[in-house]
Colleague: 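Here you go, one structure.
We're numbering straight along the sequence, starting at 1.
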Amino acid sequence: MASAIVSALHVLALALGLPSVYLRGRSLRGPLDAEGMRRLFAADTLWGAAALLWLTTGLLRAFGGIEKGRQFYLTSNLFWTKMTLFAVILLLEIWPMVTFIRWRIARGRGLWPDTSHARALYLVNHVELALVVLIVFVASFMARGFGRG
Ligand code: HEM
C-alpha cells in the first residue's frame with residue numbers, strides 16, 4: 001500500500017513539474033509586466049514543489065524498503081544516470097532560483113527588477129525541461145532492470 005501511494009505521488013510530481021517548467025519558460029518569453037511576473041512566480045513555486053516531491057518520494061522508493069530494495073538501485077547504472085541528470089537539473093536551477101528570489105523581493109518592495117537576462121534564463125529553463133523528459137525514459141528502463149551489471 002505504501003509503495004502504491006508513494007509511486008502515485010512520484011508520478012504526480014511529473015504531472016506537476018513538466019507543465020510548470022514549461023509555463024515558467026513561456027512566462028520568461030512573454031512580456032514581463034506585472035501579470036507576466038505573477039504567472040512566472042506561480043509556475044516557479046509549482047516547479048519548486050515538484051522538485052521537493054520528486055526528491056522525497058524518490059528517496060523513499062529507492063531506500064525506504066518499499067520497492068525492489070536499495071541493492072537493486074545501487075547496482076543499477078541507469079539509477080546513477082538518473083541521479084546524475086537530476087543533479088544537473090539542480091545545478092542548472094541555482095541561477096534561476098537565485099534570480100527569481102531577487103525578482104520576488106524587488107516586486108515585494110514595489111520595485112522593478114532587471115529582466116535583461118530573461119532570454120538566457122529561458123534557455124536554461126528549457127534545458128531543464130528536456131532533462132526531465134530524458135529522465136522519464138531512463139527511469140522506465142531502470143525500473144525494468146536494464147543497465148544492471
Ligand atoms: C526529474 C525527476 C524525476 C523524474 C522525472 C522521475 C520519473 C520517474 C518515473 C516516470 C518512474 C516510473 C518508472 C516506471 O515504473 O516505469 C520513476 C520511478 C522511480 N524513481 Fe523517479 N523520477 C525523478 C526523480 C527521482 C529521484 C530524485 C529519485 C531518487 C532519489 C527517484 C527514484 C525513483 C525510484 C526508486 C523509482 C522506482 C523504480 C521501480 O519501480 O523500481 N526518482 N521515476
Colleague: Could you check if a side-chain atom of Trp103 sits within less than 4.5 angstrom of a side-chain atom of Asp114, using non-hydrogen atoms only?
Modeller: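 Trp103 does not reach Asp114 side chain to side chain.
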Colleague: Mind checking the CG-CG spacing from Leu16 to Leu9? Nearest 0.5 Å is all I need.
Modeller: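 If we round to the nearest 0.5 Å, Leu16:CG and Leu9:CG are 11.0 Å apart.
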Colleague: Hey, what do you get for CD1 (Ile5) to OG1 (Thr57), rounding to the nearest 0.5 Å?
Modeller: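 Ile5 CD1 to Thr57 OG1: 12.5 Å, rounded to 0.5 Å.
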Colleague: When you group the ILVMFWY residues by side-chain heavy-atom contacts below 4.5 Å and let the links chain together, are Met142 and Val133 in the same group?
Modeller: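 Val133 clusters together with Met142.
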Colleague: State yes or no: do Leu14 and Leu59 share one hydrophobic cluster built from I, L, V, M, F, W and Y residues joined by side-chain heavy-atom distances below 4.5 Å, directly or via other members?
Modeller: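 Yes, Leu14 and Leu59 fall within the same hydrophobic cluster.
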Colleague: Quick one: CH2 on Trp54 to CD1 on Ile135, what's the gap to the nearest 0.5 Å?
Modeller: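 One gets 7.5 Å once the value is rounded to the nearest 0.5 Å.
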Colleague: Do the side chains of Arg61 and Ser3 get nearer than 4.5 Å, heavy atoms only?
Modeller: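 Side chain of Ser3 against side chain of Arg61, heavy atoms only: no contact under 4.5 Å found.
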Colleague: What I'd like to find out is whether the side chain of Phe146 reaches to under 4.5 Å of the side chain of Asn77, using heavy atoms alone.
Modeller: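 They are not in side-chain contact.
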Colleague: Quick one: CG on Leu28 to CZ on Arg39, what's the gap to the nearest 0.5 Å?
Modeller: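 Nearest 0.5 Å value for the CG-CZ distance: 12.5 Å.
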Colleague: Write down the atom of Pro113, the atom of Ala106, and the distance for their closest heavy-atom approach.
Modeller: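 Looks like CB-CB, 4.1 Å.
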Colleague: Does the pair Glu93/Arg24 count as a salt bridge with the N-to-O cut at 4.0 Å?
Modeller: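 Arg24 and Glu93: salt-bridged.
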Colleague: Just checking Phe63: does its CZ atom have more than 12 heavy atoms from other residues, nucleotides or ligands closer to it than 6.0 angstrom?
Modeller: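 Enclosed.
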Colleague: Would you name the heavy atoms of Gly36 and Ser27 that are closest together and state the gap between them?
Modeller: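 Shortest heavy-atom separation between Gly36 and Ser27 comes out as O-CB, 4.1 Å.
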Colleague: Which heavy atom of Val124 sits nearest to which heavy atom of Leu92, and what is that distance?
Modeller: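 Taking Val124 first and Leu92 second, the nearest heavy atoms are CG1-O, 3.6 Å.
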Colleague: Does any part of the side chain of Tyr22, heavy atoms only, come nearer than 4.5 Å to the side chain of Asn125, both counted from C-beta?
Modeller: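 No. Closest side-chain heavy atoms not under 4.5 Å.
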Colleague: Check step by step if side-chain contact (heavy atoms from CB on, under 4.5 Å) holds for Leu23 and Trp47.
Modeller: CA-CA 10 Å; Leu23 290 173; Trp47 174 234; over 6 Å; no
Colleague: Sub-3.5 Å donor-acceptor pair from the side chain of Arg107 to the main-chain atoms of Leu111, do we have one?
Modeller: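 Yes.
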Colleague: Quick one: does Glu67's side chain get under 4.5 Å of Val6's, heavy atoms only?
Modeller: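 A side-chain contact is absent here, since even the closest heavy-atom pair is not under 4.5 Å.
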Colleague: Under 4.5 Å between any side-chain heavy atoms of Leu78 and Thr81, yes or no?
Modeller: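 When only atoms from C-beta onward are counted, Thr81 and Leu78 do touch, with a gap below 4.5 Å.
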Colleague: Same cluster or not: Leu18 versus Leu53, using hydrophobic residues (I, L, V, M, F, W, Y) connected whenever any side-chain heavy atoms lie under 4.5 Å apart?
Modeller: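 No; tracing contacts between hydrophobic side chains, which count when under 4.5 Å, never links both residues.
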Colleague: Starting from the C-alpha separation in whole Å, work towards a yes-or-no answer on side-chain contact (heavy atoms from CB on, under 4.5 Å) for Phe86 and Leu55.
Modeller: CA-CA 9 Å; Phe86 190 67; Leu55 194 59; 3.7 Å; yes
Colleague: Should the ring pair Phe79 and Tyr73 be called parallel, tilted or perpendicular, given that the plane angle runs from 0 to 90° and is split at 30 and 60?
Modeller: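 Ring orientation, 0 to 90° scale: tilted.
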Colleague: For Arg104, is there an ion pair with Asp44 - N to carboxylate O distance below 4.0 angstrom?
Modeller: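 Judged by the 4.0 Å cut-off on N to carboxylate O distance, Asp44 and Arg104 do form a salt bridge.
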Colleague: Between Arg29 and Tyr122, is NZ or CZ placed under 6.0 angstrom from the six-membered ring centre and within 45° of the ring axis?
Modeller: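 Verdict for Tyr122: a cation-pi partner in Arg29.
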Colleague: Just verifying a value: how many Å separate Leu121 CG and Trp95 CH2, rounded to the nearest 0.5 Å?
Modeller: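 Leu121 atom CG to Trp95 atom CH2 measures 4.0 Å (nearest 0.5 Å).
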Colleague: Is it the case that one hydrophobic cluster holds both Met83 and Val127, taking links as side-chain heavy atoms less than 4.5 Å apart, direct or via other members?
Modeller: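 The answer is yes; both residues are in one hydrophobic cluster.
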Colleague: Report the C-alpha distance between Ser76 and Arg148 in whole Å, list the side-chain angles of each, state the deciding distance to 0.1 Å, and finish with yes or no for side chain to side chain donor-acceptor pair (under 3.5 Å).
Modeller: CA-CA 5 Å; Ser76 161; Arg148 299 184 74 238; 5.4 Å; no
Colleague: Between Arg144 and Ser140, is there a donor-acceptor pair closer than 3.5 Å when you use the side chain of the first and the backbone of the second?
Modeller: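 Here the side-chain-to-backbone pair exists.
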Colleague: Is there a side-chain contact between Ile89 and Leu85 in this structure, where contact means two heavy atoms from C-beta onward sitting under 4.5 Å apart?
Modeller: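 Not in contact.
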Colleague: With rounding to the nearest 0.5 Å, note down the distance linking CG in Leu91 to CD in Glu128.
Modeller: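 Result: 10.0 Å between the selected atoms.
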Colleague: Do Thr56 and Leu60 have side-chain heavy atoms sitting under 4.5 Å apart?
Modeller: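 With C-beta onward as the side chain, the pair stays apart.
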Colleague: Consider only side-chain heavy atoms of I, L, V, M, F, W and Y, link residues closer than 4.5 Å, and tell whether Trp80 and Val88 are in one cluster.
Modeller: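 Yes; Val88 is reachable from Trp80 via cluster members.
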